[in-house]
Amino acid sequence: MTGAAAAVAGVVAFSQAACSSAHTSDHGQASCVAPFIRADPTRSPPDPGHPTTFGQVKPGQRLSIHGWWYYGGQCLDTQATGQSVPASSIQLSLTTADHQTATLATVDPRGDDASFVTSVDVPDNAVAGPATITDGRGHVIDLVIVAS
């Protein structure tokens with residue numbers, strides 16, 4: 001097994017273990033859908049190891065970030081009583097090619113699917129090169145900053 005394949009297998013095993021260990025009261029096992037962010041409004045997680053991308057962007061350009069399933073606390077999606085509560089204060093950050101990180105926005109997911117959509121601006125002083133936007137929970141969107 002290659003190093004990349006082993007890493008993906010480890011992530012899948014960890015995700016399955018996290019879901020299988022989450023129980024809700026006396027009502028059995030929850031499905032525990034993991035949160036994710038995307039560069040487009042497609043309402044399904046990106047393929048593992050293949051985040052969505054904004055492609056080439058310029059400093060100052062406005063981007064829309066979409067996120068789903070940002071619940072806080074214990075997974076309650078199969079519990080007959082009680083309610084899953086959206087997480088709060090999800091910080092979206094940009095890390096540029098020079099390893100500098102800047103906060104782009106802090107969002108509070110809402111609705112039945114604990115989702116959000118927010119607009120952010122690429123900082124005017126962002127260094128050209130490959131960059132990522134992250135939610136601080138391991139979910140990313142790729143982009144390449146180009147000179148304006």
Side-chain angles (χ1 to χ4, degrees), residues 4 6-127 129-145:
V8 169
V11 168
V12 170
F14 175 78
S15 297
Q16 289 172 339
C19 279
S20 65
S21 66
H23 293 272
T24 57
S25 188
D26 295 321
H27 298 282
Q29 187 175 350
S31 66
C32 300
V33 176
F36 61 92
I37 55 175
R38 292 187 65 103
D40 60 52
T42 303
R43 196 181 158 144
S44 63
D47 292 333
H50 295 64
T52 60
T53 182
F54 285 113
Q56 294 186 345
V57 302
K58 295 180 179 181
Q61 185 172 335
R62 180 154 288 197
L63 308 172
S64 290
I65 300 172
H66 304 264
W68 288 271
W69 309 112
Y70 283 86
Y71 287 104
Q74 187 177 13
C75 182
L76 300 174
D77 64 354
T78 62
Q79 187 169 345
T81 61
Q83 182 177 7
S84 296
V85 178
S88 61
S89 301
I90 305 301
Q91 187 173 347
L92 301 172
S93 301
L94 172 73
T95 301
T96 54
D98 61 353
H99 306 288
Q100 298 299 309
T101 300
T103 300
L104 298 175
T106 301
V107 296
D108 291 317
R110 298 282 179 247
D112 292 339
D113 55 3
S115 65
F116 65 85
V117 61
T118 190
S119 294
V120 299
D121 295 325
V122 176
D124 291 331
N125 62 347
V127 172
T132 57
I133 295 173
T134 182
D135 62 359
R137 298 174 177 210
H139 309 104
V140 300
I141 298 172
D142 289 337
L143 60 147
V144 177
I145 300 171

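Quick note: residue numbers are just sequence positions, from 1. The shown structure was predicted, so the numbers you read here are calculated from the model rather than taken from an experiment.
Between Leu63 and Val122, some side-chain heavy-atom pair lies under the 4.5 Å cut-off. Using a 4.5 Å heavy-atom cutoff, the side chains of Arg43 and Asp113 are in contact.
When only modelled atom types and interatomic distance are considered, Ser93 and Thr134 share no side-chain donor-acceptor pair under 3.5 Å.
Heavy-atom minimum distance, Gly129 versus Ala97: CA-CB, 4.0 Å. Contact detail for Pro86 and Pro109: the closest heavy-atom pair is CB-O, 3.3 Å.
Between Trp69 and Tyr71, the angle of the ring planes lies from 30° to 60°, which puts this pair in the tilted group. Taking the six-membered ring where tryptophan is involved, the planes of Tyr70 and His139 are perpendicular, since the angle between them exceeds 60° and thus also 30°.
The line from OG1 of Thr52 to CG of Leu143 is 10.0 Å long, rounded to the nearest 0.5 Å. Distance CZ/Phe116 to OG1/Thr106: 10.5 Å, rounded to 0.5 Å. Taken to the nearest 0.5 Å, the CD1 atom of Ile65 stands 13.5 Å off from the CZ atom of Arg38. Between atom OG1 of residue Thr95 and atom CD of residue Gln100 there is a gap of 9.0 Å, rounded to the nearest 0.5 Å. Rounding to the nearest 0.5 Å places CG of Leu92 at 7.0 Å from CG of Asp135. Distance OG1/Thr53 to CG/Asp40: 10.5 Å, rounded to 0.5 Å.
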Set out, in order, the CA-CA distance, both residues' side-chain angles and the distance that settles side-chain contact (heavy atoms from CB on, under 4.5 Å) for Leu94 and Ile145, then state yes or no. CA-CA 11 Å; Leu94 172 73; Ile145 300 171; 4.3 Å; yes

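Every pair passing salt bridge (Lys or Arg N to Asp or Glu O under 4.0 Å) that includes a residue from residues 44-73 is listed here, sequence neighbours excluded: Arg62-Asp121.
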